[in-house]
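Whatever order the structure lists them in is the order used to number ligands and atoms, beginning at 1.
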Amino acid sequence: MFSTSDTIVAVATPPGRGGLGVVRLSGSDAHTIARRLTARTSPFPPRHAIFTRISVDQTPIDQVVATFFPCPKSYTGEDTVELSAHGSAIVLHAIVTAAIEAGARLAEPGEFTLRAFLNGRIDLMQAEAVADLVDAVTPLQARVAFDQLQGTLTGAIGAISDALFNLMARLEASVDFPEEGYHFLEPDDLKTALDQLTSRTSQLMSEARRGRLVREGFQVSIVGKPNVGKSSLFNALAGVSRSIVTPIPGTTRDVLVDVVDINGFRVTLVDTAGLRATEDEIEAEGVARARQAMGSSDLVLVLLDGSRPLEDEDNEILSQIADKKRLIVSNKCDIVAESRLEGYLRVSAKTGFGLDILREHLAEALDVESLRDSPTISNLRHIKLVERAHVSLTRARDAVGMRGCAMPEEFVLADLQQAQAALDEVSGRRAPDDLLNHIFSRFCVGK
Ligand SMILES: Nc1nc2c(ncn2[C@@H]2O[C@H](COP(=O)(O)OP(=O)(O)OP(=O)(O)O)[C@@H](O)[C@H]2O)c(=O)[nH]1
Ligand SMILES: [Mg+2]
């Protein structure tokens, strides 16, 4: 992993134009470099916004507001300076380049947050919450990420970990001083303590499905025979014209995905190639991919052309997905006053008619209301580790519960240690470099 002792710099705001653009400096030279860039003779007062000017080679390039956060009370836990300039890519680039010339190094993705973690400002769950918060596409996702950043999961894992630590200390004492018998920990107390621990881990696990659905969302594929308006509907729901629409059947030959917000939930919408038998090699590959997407979807939206009677191809598709969760929708209701297809939800991808009702139906079919409460745990990495801890704790509980045998304390202790190791990996107290690399590489530069 890269050095954590040098001073790093990056633009913290998104690329492109904006009202403001922020350059962040962090490390022991941050203050000196900021003073050099602003030609300031006196030190920056801590945590005060100072209106000043940045010059490069004695040429002023922008007015900025500089704020100095001395260590350890900064985002990273190091000396940090934030320079708010105008949101010009050219100006921001010039500031970063000047900072590098003055001794800083360009930050790696997520390096500011990595330093916050390494300096003990936040734990690994909170660092991951930062990335989730930045990536959130629905208000509920943002809330779950923010709760995690505020420490809800930290608290839940910490409570289990503390109770476990306490239990292990007492059990170790019993192992070390066997002549004292169970003085330090009676078997019944051990059982009760393990019951309490496993009920806490299973409580977390029961929130996991909900949490994952909030964090990762649902996949919904739009399928149907060619030309029914799948791509048109995809574009209408996504709010952008991403997929090509033409009157020629067989237009879409690949799967296209976009993430949309359906009643506050993240839905990965998939546009697919029209399902039909075809000689065309490219189209056939598209059809194969469409079937794959159909298989992996949480819900299949079957689109019919409401201006035409139901055809064999439609029936075939309907019979193929009989065992999948599905929603059947009749499109092109703007063409004919009365759909020829009775009993299906009627929409027009062209005029937008019925799309709000379609969103409602989607939300209902996915049963999103049952997910409304904000879950404590949502990240698969955390869930897997909590499951691992739960398995070890249950094994320990079973060993203690065996009647008639002397309690094999050493084995129980080994199980508890494994559970503790899993919990330490959730919080990052035990975090190998490759795990950190994996987690922080998904951050954007400047975060
Ligand atoms: N009148 C009307 N035309 C529509 C509607 N939706 C789609 N169309 C038209 O139907 C034709 C096919 O639309 P697409 O969205 O490309 O259909 P598709 O299902 O993606 O087709 P393939 O990709 O070939 O399978 C285009 O000419 C669209 O303009 C609608 O609601 N009303
Ligand atoms: Mg299409």
A.B. asks: Which bit of D271 gets closer than 4.0 Å to ligand 1, counting heavy atoms only: side chain, backbone, both or neither?
C.D. replies: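 Answer for D271: neither.
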
A.B. asks: Within ligand 1, which atoms have a heavy atom of D334 less than 4.0 Å away?
C.D. replies: 1 (N), 2 (C), 30 (C), 31 (O), 32 (N)

A.B. asks: What heavy-atom pair brings V302 and L318 nearest, and what distance separates the two atoms?
C.D. replies: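 Looking at all heavy atoms of both residues, the shortest contact is CG1-CD2, 3.8 Å.
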
A.B. asks: Using a 4.0 Å cut-off to any heavy atom of K230, which atoms of ligand 1 qualify?
C.D. replies: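 In order of numbering, the contacting atoms are 15 (O), 17 (O), 18 (P), 19 (O), 20 (O), 21 (O), 22 (P), 25 (O).
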
A.B. asks: I'd like to check which ligand 1 atoms, numbered from 1 as shown, lie under 4.0 Å from a non-hydrogen atom of V228.
C.D. replies: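 The list of qualifying atoms is 19 (O).
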
A.B. asks: Go through the side-chain N and O atoms of S231 and D271 and say whether any donor and acceptor fall under 3.5 Å apart.
C.D. replies: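 Yes, a side-chain donor-acceptor pair sits under 3.5 Å.
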
A.B. asks: Heavy-atom distances under 4.0 Å are what count here, so tell me which part of I335 touches ligand 1: side chain, backbone, both or neither.
C.D. replies: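 Under 4.0 Å from ligand 1, I335 contributes side-chain atoms alone.
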
A.B. asks: Would R430 and D123 pass as an ion pair if we require N to O under 4.0 Å?
C.D. replies: no

A.B. asks: Which protein non-hydrogen atom lies closest to atom 22 (P) of ligand 1, naming both residue and atom, and how far is it?
C.D. replies: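 The answer is N227 N, 3.6 Å.
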
A.B. asks: With respect to H93, which candidate in I95, I90, V96, T97 satisfies the side chain to side chain contact (heavy atoms under 4.5 Å, CB included) definition?
C.D. replies: T97

A.B. asks: Where on T246 is there a heavy atom closer than 4.0 Å to ligand 1, on the side chain, on the backbone, on both, or on neither?
C.D. replies: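 The part of T246 near ligand 1 is the backbone, not the side chain.
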
A.B. asks: Under 4.0 Å, heavy-atom basis, I'd like to know which part of P249 is in contact with ligand 1: side chain, backbone, both or neither.
C.D. replies: backbone

A.B. asks: Considering only heavy atoms of G274, which atoms of ligand 1 have at least one such atom less than 4.0 Å away?
C.D. replies: 25 (O)

A.B. asks: Determine whether the side chains of R121 and Q126 contain a donor N or O and an acceptor N or O closer than 3.5 Å.
C.D. replies: no

A.B. asks: Quick one: list whatever passes side-chain hydrogen bond (donor to acceptor under 3.5 Å, both in side chains) with Q219, sequence neighbours left out.
C.D. replies: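 By the side-chain hydrogen bond (donor to acceptor under 3.5 Å, both in side chains) rule, Q219 matches S296, S297.
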
A.B. asks: Find all atoms of ligand 1 within a distance of less than 4.0 Å from any non-hydrogen atom belonging to I248, and give their numbers and elements.
C.D. replies: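 Going through ligand 1 atom by atom, the ones under 4.0 Å from I248 are 24 (O).
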
A.B. asks: Give the numbers and elements of all ligand 1 atoms closer than 4.0 Å to a heavy atom of P226.
C.D. replies: 25 (O)

